[in-house]
Amino acid sequence: MLTFHIDYYIAGLINFFEGGDLEIRDQFSFDLPPIESPEQWESLKSKFLSDAERFADLLEKMPDSKMNEAFVDEKYGTYLRNIDGMIEHCYYHLGQITLIKKLLN
């Protein structure tokens, strides 16, 4: 579920950075369809890794001047603030995954 949750936000920002609307909503960020096979789990992990790589690529290509621009609307702060927030969000949940893995082992 945490893998889906992290990827939900990454994919939403990719869509926005590529010219789409910002369509992500907190209320849908845990709407993981049931994973009923190892293949579905592998597909989710593959999508997550692919999206993370695409997100990093888009950030690398983003001009520095964009970082201080308003993100969608001024009330959301700057691009830099939102990108930093995404990174912190990922670190937070990846930390949770690490702790859960340790508990299971």
Side-chain angles (χ1 to χ4, degrees):
M1 175 137 337
L2 289 171
T3 302
F4 174 85
H5 176 76
I6 296 167
D7 186 57
Y8 175 83
Y9 285 102
I10 291 173
L13 286 182
I14 288 170
N15 180 62
F16 176 71
F17 290 160
E18 291 181 334
D21 293 329
L22 186 64
E23 300 171 340
I24 48 180
R25 302 290 179 267
D26 292 344
Q27 69 189 36
F28 303 122
S29 67
F30 285 102
D31 287 354
L32 171 67
I35 295 177
E36 298 174 342
S37 71
E39 293 79 21
Q40 288 175 327
W41 170 233
E42 291 302 320
S43 177
L44 177 61
K45 289 192 304 183
S46 178
K47 180 181 181 321
F48 168 69
L49 294 173
S50 175
D51 286 347
E53 190 172 321
R54 180 72 185 134
F55 182 73
D57 187 51
L58 288 167
L59 292 181
E60 187 177 344
K61 293 176 181 173
M62 192 175 287
D64 290 344
S65 60
K66 189 88 169 161
M67 294 300 155
N68 292 319
E69 291 182 16
F71 183 80
V72 183
D73 187 313
E74 281 192 33
K75 69 181 178 184
Y76 296 124
T78 64
Y79 273 77
L80 181 59
R81 177 177 175 262
N82 282 274
I83 292 165
D84 282 346
M86 173 58 72
I87 293 166
E88 291 172 7
H89 179 250
C90 291
Y91 279 149
Y92 174 78
H93 289 304
L94 291 170
Q96 287 179 310
I97 291 168
T98 299
L99 290 173
I100 291 167
K101 186 175 177 183
K102 285 181 180 181
L103 288 171
L104 292 174
N105 289 331

Q.
So does Lys75 get a backbone contact from the side chain of Asp73, meaning a donor-acceptor N/O pair under 3.5 Å?
A. yes

Can you confirm whether Glu18 is buried at CD, in the sense that more than 12 heavy atoms of other residues, nucleotides or ligands lie under 6.0 Å from that atom? yes

*asked:* Would Phe71 and Tyr76 count as a ring-ring contact (aromatic ring centres under 6.0 Å, His included) here? Give the steps.
replied: CA-CA 6 Å; Phe71 183 80; Tyr76 296 124; 7.0 Å; no

Q) Does Ile97 share a hydrophobic cluster with Leu104, counting links as ILVMFWY side-chain heavy atoms below 4.5 Å and allowing steps through other members? A) yes

Check: Under 3.5 Å, is there a donor-acceptor pair between the side chain of His5 and the main chain of Ser29?
Finding: yes

dist Met86:CE -> Ile83:CD1 (nearest 0.5 Å) comes out at 9.5 Å

With side-chain contact (heavy atoms from CB on, under 4.5 Å) as the test, would you mind laying out the steps for Gln40 and Leu44 before giving the verdict?
CA-CA 6 Å; Gln40 288 175 327; Leu44 177 61; over 6 Å; no

The reported gap from CZ in Phe4 to CZ in Phe30 (rounded to nearest 0.5 angstrom) is 9.5 Å

Between the OG atom in Ser46 and the CH2 atom in Trp41, the distance rounded to the nearest 0.5 Å is 11.5 Å

request  = Check whether any side-chain heavy atom of Thr78 sits under 4.5 Å from a side-chain heavy atom of Met67, and report yes or no.
outcome  = no

query = Is Ile24 close to Phe16 at the side-chain level, that is, under 4.5 Å between some pair of heavy atoms?
reply = no

For Cys90 and Ile6, the nearest pair of non-hydrogen atoms, with its separation, is SG-CG2, 3.6 Å

Q: Would you sort out whether Leu13 and Leu58 count as a side-chain contact (heavy atoms from CB on, under 4.5 Å), showing the intermediate values?
A: CA-CA 10 Å; Leu13 286 182; Leu58 288 167; over 6 Å; no

d(Ile35 CD1, Lys45 NZ) to nearest 0.5 Å is 10.0 Å

dist Phe55:CZ -> Asp7:CG (nearest 0.5 Å) comes out at 11.5 Å

Report task. Indicate yes or no for a side-chain donor-acceptor contact from Asn105 to the backbone of Lys101 under 3.5 Å, with no hydrogens or angles considered. Result -> yes

Of all heavy-atom pairs linking Ala11 and Asp51, the shortest is CB-OD2, 3.7 Å

**Q.** Joint hydrophobic cluster, Tyr92 plus Met1, side-chain heavy atoms closer than 4.5 Å
**A.** no

Begin from the C-alpha positions of Tyr79 and Phe17 and carry the test side-chain contact (heavy atoms from CB on, under 4.5 Å) through to its verdict. CA-CA 10 Å; Tyr79 273 77; Phe17 290 160; 3.7 Å; yes

Could you check whether Asp26 and Tyr9, counting side-chain N and O atoms only, form a donor-acceptor pair closer than 3.5 Å? yes

Answer yes or no: is there an ion pair linking Arg54 with Asp57, defined by an N-O contact shorter than 4.0 Å? yes

Thr98 side chain to Leu94 backbone, donor-acceptor under 3.5 Å = yes

Within a reach of under 6.0 Å around CD of Glu53, are more than 12 heavy atoms found that belong to other residues, nucleotides or ligands? no

* **Verdict with reasoning, Tyr8 to Leu32, per side-chain contact (heavy atoms from CB on, under 4.5 Å)** => CA-CA 9 Å; Tyr8 175 83; Leu32 171 67; over 6 Å; no

Distance col, row Asn68:CG vs Leu80:CG, nearest 0.5 angstrom, shows 7.0 Å

